[in-house]
Enquirer: 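Could you have a look at this structure, given as structure tokens, before my questions?
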Amino acid sequence: MKRRNFIYLSGVGAGAMMLPNLPSFGTPIDPAQALEQVDVRIKKELADVALNTAKAKGATYADIRIGRYLNQAVITRETRVQNIANAESYGVGIRVLVNGCWGFAATNNVTKDGIAKTAERAVAVAKANAKIGGKPVQLAPQKGYGEVSWKTPIEKNAFEVPIKEKVDLLMSVNGAALAGGANFVNSMILAINEQKYFASTDGSYIDQDIHRLYPNFGVTKIDASKGAFETRAALSSPVGMGYEYLIPSESEKVQGVVTRYKDRYDMLEDVKNATRNATEKVSAKSVEPGKYDLVLDPSHLWLTIHESVAHPTELDRVLGYEANYAGTSFLSVDKLKSGNFKFGSKNMNIVADRNQKGSLGAVGYDDEGVAPKQFDIVKDGVLTNFQTIRDQAHVIGLKESQGCCYAQTWSDVQFQRMPNVSLKPGKTPMSVDDMIKGVEKGIYIIGNGSFSIDQQRYNFQFGGQLFYEIKNGKIVGMLNDVAYQATNQEFWNSCAAVCDERDYRLGGAFNDGKGQPGQSNAVSHGSATTKFTGVNVINTKRRIG
Amino acid sequence: MPILSKEEAQALLKKVLSYSKADECEISLGGSEGGNIRYALNAVSTAGDIGTLSLAVSSTYGKKTGTATINEFDDASLEKVVRRSEELAQLAPANPEYMPLLGPQTFKEATTYNEKTAAMTPEVRADLVAKSLDVTKAANLSAAGFLENSTDFRSVMNSKGLFAYNKSTDVTFSVTTRNAEGTGSGYAARGFTDVSKLDTYAATKIAAQKATGSVGARAIEPGKYTVILEPTAAAYMMENMFRGFDARSADEGRSFMSKKGGGTRLGEKLMDDKVTIYSDPFNPDLPSGTWNGDGLPLEKTYWIDKGVVKTLSYSRYWAEKKGVKPQPGPSNIIMEGGNMSLEDMIKSTERGILVSRLWYIRMVDPQVLALTGLTRDGTFYIENGKIKFPIKNMRFNESPVIMLNNVEALGKPERAISVESYRSYMIPPMKIRDFTFSSLSDAV
């Protein structure tokens, strides 16, 4: 995840950052207008202008994305609303293939004339670049779907919920934290709606309406006498759902040393626990470095899966397309083709699935018009597949794309982005309590914290939100200053047990960064609580002055 | 055209402002046009040519503010966005921290715009990339790189008479070169306001030398080492610190600038005498805009002077509360250097490590600004004043504040690009003792 991309999420890019703090209240800004979709017939007419212009100028393939993006951020601290940004952005991105080379151009001039000129620019870019040479692009065939549509299955559209309701919730959250003894509290709700229309010379005209929601908070407890402070962030997950995610249900709560959540989230309850946790962290025991068995909650493990499995199995990284920025991968096409490359223990079963309900990556069609399917990436510990888009499929002998193409906005070119990549739950019945009972010397980690991994995804270091020491099968207290370091395959080969499907939950991120120019992708990762044995834990405490 | 002249921007902003019925109204307008080429495996992978223009309106009644944005510019849309912001403001609660808009300010003319960069075409970009590929193809290396140019403007007008406008250009280039076996990798990055200073051939030569030189890397034991950080590595290491010169978070006790027992570390000596860090909108190598988001003029400002915390930034609200002058945060960062060349630094090192680039730096503990990350694309062991052999990459756990207490020598500042934020800084190469590496990585 990249800091640069948070700017986009919290408003409208640099423009929004120029604005002063913006308290706000009441009903959403003209909801009828904000949610009014552009007529699909108009979009088809505009799309045909792009496709016909591109073909007339020499393109052998062209696609257009007409995008209307609505973002709303309600941001508060303590007793005041800090910012409400309602942003919308409307424009088109046109991609063409000319002389075997890609070209792309984008504009916010969404008129027939603006689109025709932009298509011409895209062709000019492709022609200029084709002179550099290189292997011509080889697109996997894709049937045209005709005129189709897809919508995130939401129950309550977040943009239709009055801002007052969101502000009231966040003020209650902040109030609970302050009443509980927190020194500071920030909270926010981010809502995103992508209205995307895709058309291509293959004969697809795809209209999609995608919704995402991200509630979060941070509680800070300060001990001025020690010059120390500790924070605890929400155990929520960003989701591909409507506002129903914030309507709590007792049946969706996972009870334990601290309550965690599944499909529905109780923000008010979580902030009370967070305030208590932040206070406990200030006086928690500093960890003794050494080897520990780790019991990793899904609220933590999603990020480890993201960094250590999902990224290294992106085929563009494997091939070297990300070498200048996000890096390459310790995996290779040869390792895949060998059919016996052991990534992890037999408990490691990793699946990619863009159809997962409630997930951030759920779509009906990807951004080059491919309907995604579920596929295995690691089966019983053995590498079985990479993530691909249309111009990569042939490299690993696939006859079709796996639907992993995405662009952050209409003004960004689409490229290979990860789908939801998840660890399958264990088949043997096992609860979290069962798992902890089997640990002699361990640490139970909940929530994600600091994260860093090298450019080929070997060496990583992860922190967390909450660390509980396990001794002889029991949780005995809270620890602090914990981070674990491991090399990728060693770690996954130490995967000793995975709880069953009753404990399966999604975590995820709005802002997974990749590419140049950098783009953000929203993605979920599911797992049940999982045990890893003999992992190296370091103490991160440092002092200055 | 997404790039409006000062006069065009002023006319548009006046028109939008004329629709306003609020007590106070502020309108921000920004546009950008430019393009990029991304290449890998010695061929273009993606390329784009993009123009955008957007407008944001903030309306205020009393201390109640609402904001709306739009990127459609017909009269009806412009009036609609003003009405939207007013509607929202009428429903807003009063913000106790609201500061009335500033009146007219005087801004010096920025030096951020260059005609040649603004005139870049897809062909110019392709030619620059072709020169980079000449190097890697001849050396039998594989290049992955990125070239991007942009021309931006931003402008603000408010109902108290403030008007500000700035136009800027920028071009950045970065390249990673790898050998066919995947056992060696090198990197170079350059950024300029003026594209005529960009030599993609020379930069790629350096990356190619590092790729070839890093083949056969050996493992050494993690631990504390003297390191020589090239400017690209040093810039990325210190970037988190540059965001931390904020008085409010320090006063609130949640920053490395917080003083034990309360208050800030303003005036304290926090780093080595050799460390002086300032911002200057008129630095010829790294110019910036001359006004901040509030409309306050930006001036040359020392943040750290000979190791002492000289200035913290104060928002207008926090300044009033604390009874001090508002101080905008840094618009650019320049660190003073020394006279030692990189070669002299290596010559003067008995045992140490030369670091070309750092990667994936993340905060471990904000209280002390403890960071973790790794070396990448050219890490070399130095013994008795010479580079002896390439070494495997290593993970570090270190704080830039602790690091800047351990400065042994500084070189001449160069414009360096952070590999993640893509921001440019003027940073010297630096020799640092006792830099903490915690584990090895097999990544090349």
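As a basis for the values below, the full set of heavy atoms in this structure was taken, side chains included, without hydrogen atoms, waters or symmetry mates. Below, chain A is the first sequence line, B the second, and so on; all start at residue 1.
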Enquirer: Between chain B and each of A:Thr79, A:Asp412, A:Ile453, A:Asp316, count heavy-atom pairs under 4.5 Å; write down the option with the most.
Expert: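 Going by pairs under 4.5 Å, I would pick A:Ile453.
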Enquirer: For each of A:Gly91, A:Gly134, A:Ala106, tally heavy-atom pairs with chain B at distances under 4.5 Å, and name the one with the top tally.
Expert: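 Among A:Gly91, A:Gly134, A:Ala106, the one with the most close pairs to chain B is A:Ala106.
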Enquirer: Give, as side chain, backbone, both or neither, the part of A:Ser411 having an atom under 4.5 angstrom from any heavy atom of chain B.
Expert: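 Interface part for A:Ser411: both.
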Enquirer: Side chain from CB out, backbone as N, CA, C, O: work out which of these in B:Thr375 comes under 4.5 Å of a heavy atom of chain A, or both, or neither.
Expert: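 Contact with chain A involves the backbone of B:Thr375 alone.
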Enquirer: Is any side-chain heavy atom of A:Thr328 closer than 4.5 Å to one of B:Arg178?
Expert: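 Yes - at least one pair of side-chain heavy atoms lies under 4.5 Å apart.
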Enquirer: Stepwise, does the side chain to side chain contact (heavy atoms under 4.5 Å, CB included) test hold for A:Ile132 with B:Val129?
Expert: CA-CA 8 Å; A:Ile132 293 174; B:Val129 167; 4.0 Å; yes
Enquirer: Looking only at non-hydrogen atoms, find the nearest pair between B:Ser438 and A:Gln485 and report the distance.
Expert: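 Shortest heavy-atom contact: OG-NE2, 2.9 Å.
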Enquirer: Report which part of B:Ser249 has an atom under 4.5 Å of a heavy atom belonging to chain A: side chain, backbone, both, or neither.
Expert: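 Neither part; nothing is under 4.5 Å.
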Enquirer: Does some side-chain heavy atom of A:Tyr321 sit less than 4.5 Å from a side-chain heavy atom of B:Leu41?
Expert: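 In short, these two side chains touch, coming nearer than 4.5 Å.
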Enquirer: Are any of the side-chain heavy atoms of B:Met363 and A:Ser450 separated by less than 4.5 Å?
Expert: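 No, every pair of side-chain atoms sits at 4.5 Å or beyond.
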Enquirer: Pick one of side chain, backbone, both or neither for A:Lys541, based on which atoms fall under 4.5 Å of a heavy atom in chain B.
Expert: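 It is the side chain, since no backbone atom gets that close.
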Enquirer: Quick one: are B:Arg38 and A:Glu322 in side-chain contact, heavy atoms under 4.5 Å?
Expert: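 The answer is yes; the side chains approach within 4.5 Å.
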Enquirer: Test your reading of the model: is there a side-chain donor-acceptor pair from B:Asn71 to the backbone of A:Tyr90, 3.5 Å cut-off?
Expert: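 It does hold such a pair.
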Enquirer: Quick one, A:Ile163 with B:Leu88, criterion side chain to side chain contact (heavy atoms under 4.5 Å, CB included). Give me CA distance, side-chain angles, the key distance, then yes/no.
Expert: CA-CA 10 Å; A:Ile163 287 176; B:Leu88 189 59; 4.3 Å; yes
Enquirer: With a 4.5 angstrom heavy-atom cut-off, is it the side chain or the backbone of A:Ala323 that approaches chain B, or both, or neither?
Expert: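 Interface part for A:Ala323: both.
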Enquirer: State whether a side-chain donor-acceptor pair under 3.5 Å links A:Thr487 with B:Asp442.
Expert: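 No, no side-chain donor-acceptor pair sits under 3.5 Å.
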Enquirer: Taking side chain as everything from C-beta outward and backbone as N, CA, C, O, which of these in B:Asn36 sits under 4.5 Å from a heavy atom of chain A? Side chain, backbone, both or neither.
Expert: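 Contact with chain A involves the side chain of B:Asn36 alone.
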Enquirer: Using a distance-only test with no angle check, is there a side-chain donor-acceptor pair under 3.5 angstrom linking A:Thr540 and B:Asp365?
Expert: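 No donor-acceptor contact under 3.5 Å links the two side chains.
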Enquirer: Where does B:Arg254 contact chain A at under 4.5 Å (heavy atoms): side chain, backbone, both or neither?
Expert: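 Both parts, backbone and side chain.
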Enquirer: Is it the backbone or the side chain of B:Asp127 that comes under 4.5 Å from a heavy atom of chain A, or both, or neither?
Expert: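 Answer is neither: B:Asp127 stays 4.5 Å or more from chain A.
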Enquirer: Using a distance-only test with no angle check, is there a side-chain donor-acceptor pair under 3.5 angstrom linking A:Tyr325 and B:Glu420?
Expert: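 No, B:Glu420 and A:Tyr325 have no side-chain donor paired with an acceptor closer than 3.5 Å.
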Enquirer: Say you draw a straight line from NZ of B:Lys392 to CG of A:Asp454; how long is it, rounded to the nearest 0.5 Å?
Expert: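 The NZ atom of B:Lys392 sits 11.0 Å away from the CG atom of A:Asp454.
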Enquirer: Is it the backbone or the side chain of A:Ala122 that comes under 4.5 Å from a heavy atom of chain B, or both, or neither?
Expert: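 Interface part for A:Ala122: neither.
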Enquirer: Is A:Tyr458 close to chain B through its backbone or its side chain, or both, or neither, when contacts mean heavy atoms under 4.5 Å?
Expert: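 A:Tyr458 touches chain B through side-chain heavy atoms alone.
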Enquirer: Do A:Glu307 and B:Tyr360 have side-chain atoms, one donor and one acceptor, less than 3.5 Å apart?
Expert: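 There is such a pair (donor and acceptor under 3.5 Å, judged by atom type) between the side chains of A:Glu307 and B:Tyr360.
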Enquirer: A:Phe460, A:Trp102, A:Phe184: which one forms the most heavy-atom pairs within less than 4.5 Å of chain B?
Expert: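 Of A:Phe460, A:Trp102, A:Phe184, A:Phe184 has the most heavy-atom pairs under 4.5 Å with chain B.
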Enquirer: Tell me, side chain or backbone of A:Gln516 under 4.5 Å from chain B's heavy atoms, or both, or neither?
Expert: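 Both backbone and side chain.
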Enquirer: Under a 3.5 Å cutoff, is there a donor and acceptor pairing between the side chains of B:Glu252 and A:Asn183?
Expert: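 Absent: no donor and acceptor within the cut-off.
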Enquirer: How about NZ on B:Lys137, more than 12 heavy atoms from neighbouring residues, nucleotides or ligands closer than 6.0 Å, or not?
Expert: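 Counting other residues, nucleotides and ligands, NZ of B:Lys137 exceeds 12 neighbours.
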Enquirer: Salt-bridged, B:Arg84 to A:Glu88, with N to O below 4.0 Å?
Expert: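 Result for this pair is yes, salt bridge flagged.
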Enquirer: Non-hydrogen atoms of chain A under 4.5 Å away: do they reach the side chain of B:Leu55, the backbone, both or neither?
Expert: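 Contact with chain A involves no heavy atom of B:Leu55 at all.
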Enquirer: State whether the side chain of B:Asp49 and the backbone N or O of A:Val125 hold a donor-acceptor pair below 3.5 Å, judged by distance alone.
Expert: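 Between the backbone of A:Val125 and the side chain of B:Asp49 there is no qualifying donor-acceptor contact (under 3.5 Å).
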Enquirer: Which answer fits B:Phe146, side chain, backbone, both or neither, if we ask what part of it has an atom under 4.5 Å from a heavy atom of chain A?
Expert: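 Contact with chain A is through both the backbone and side chain of B:Phe146.
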Enquirer: Would you indicate whether the side-chain heavy atoms of B:Asn393 and A:Gln455 approach each other to under 4.5 Å?
Expert: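 Touching, per the 4.5 Å side-chain cut-off.
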Enquirer: Could you check if a side-chain atom of B:Ile37 sits within less than 4.5 angstrom of a side-chain atom of A:Asn129, using non-hydrogen atoms only?
Expert: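 Touching, per the 4.5 Å side-chain cut-off.
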Enquirer: Can you tell me if A:Asn459 and B:Ser441 form a side-chain donor-acceptor pair at under 3.5 Å?
Expert: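 No, no side-chain donor-acceptor contact under 3.5 Å.
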Enquirer: Please test B:Thr46 against A:Phe104 for side chain to side chain contact (heavy atoms under 4.5 Å, CB included), starting from the C-alpha separation and ending with a verdict.
Expert: CA-CA 8 Å; B:Thr46 59; A:Phe104 176 77; over 6 Å; no
Enquirer: Is any side-chain heavy atom of A:Ile538 less than 4.5 Å from a side-chain heavy atom of B:Asn397?
Expert: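 The answer is yes; the side chains approach within 4.5 Å.
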Enquirer: Evaluate the side-chain proximity of B:Tyr39 to A:Asn324: yes if any heavy-atom separation is below 4.5 Å, no if none is.
Expert: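 A side-chain contact is absent here, since even the closest heavy-atom pair is not under 4.5 Å.
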Enquirer: Does any backbone or side-chain atom of B:Val364 lie under 4.5 Å from a heavy atom of chain A? Answer side chain, backbone, both or neither.
Expert: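 Both parts, backbone and side chain.
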Enquirer: Chain A heavy atoms under 4.5 Å from B:Ile50: which part of the residue, side chain, backbone, both or neither?
Expert: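 Looking at B:Ile50, backbone and side chain both touch chain A.
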Enquirer: Applying the side chain to side chain contact (heavy atoms under 4.5 Å, CB included) test to B:Leu53, which of A:Asn108, A:Asn109, A:Thr107 qualifies?
Expert: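 Only match with B:Leu53 under side chain to side chain contact (heavy atoms under 4.5 Å, CB included): A:Asn108.
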Enquirer: I'd like to know if the side chain of B:Arg362 reaches the main chain of A:Gln461, judged simply by a donor and an acceptor atom lying under 3.5 Å from each other, with no hydrogens or angles considered.
Expert: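 Such a contact is absent between B:Arg362 side chain and A:Gln461 backbone.
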Enquirer: For A:Gly320 versus B:Ala40, what's the shortest heavy-atom pair and its separation?
Expert: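 Looks like O-CB, 3.8 Å.
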Enquirer: For B:Glu97, is there an ion pair with A:Arg77 - N to carboxylate O distance below 4.0 angstrom?
Expert: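 No, this pair does not count.
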Enquirer: Quick one: what part of B:Ser258 sits under 4.5 Å from any heavy atom of chain A, side chain, backbone, both or neither?
Expert: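 When you check distances to chain A, no heavy atom of B:Ser258 falls under 4.5 Å.
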Enquirer: Would you mind checking which part of B:Val444 comes under 4.5 Å of any heavy atom in chain A, side chain (CB onward), backbone (N, CA, C, O), both or neither?
Expert: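 Contact with chain A involves both backbone and side-chain atoms of B:Val444.
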Enquirer: Tell me whether B:Lys269 at atom NZ has more than 12 heavy atoms from other residues, nucleotides or ligands lying less than 6.0 Å away.
Expert: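 More than 12 within 6.0 Å, yes.
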Enquirer: Under 4.5 Å from any heavy atom of chain A, what part of B:Glu72 do you find: side chain, backbone, both or neither?
Expert: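 Only the side chain of B:Glu72 comes within 4.5 Å of chain A.
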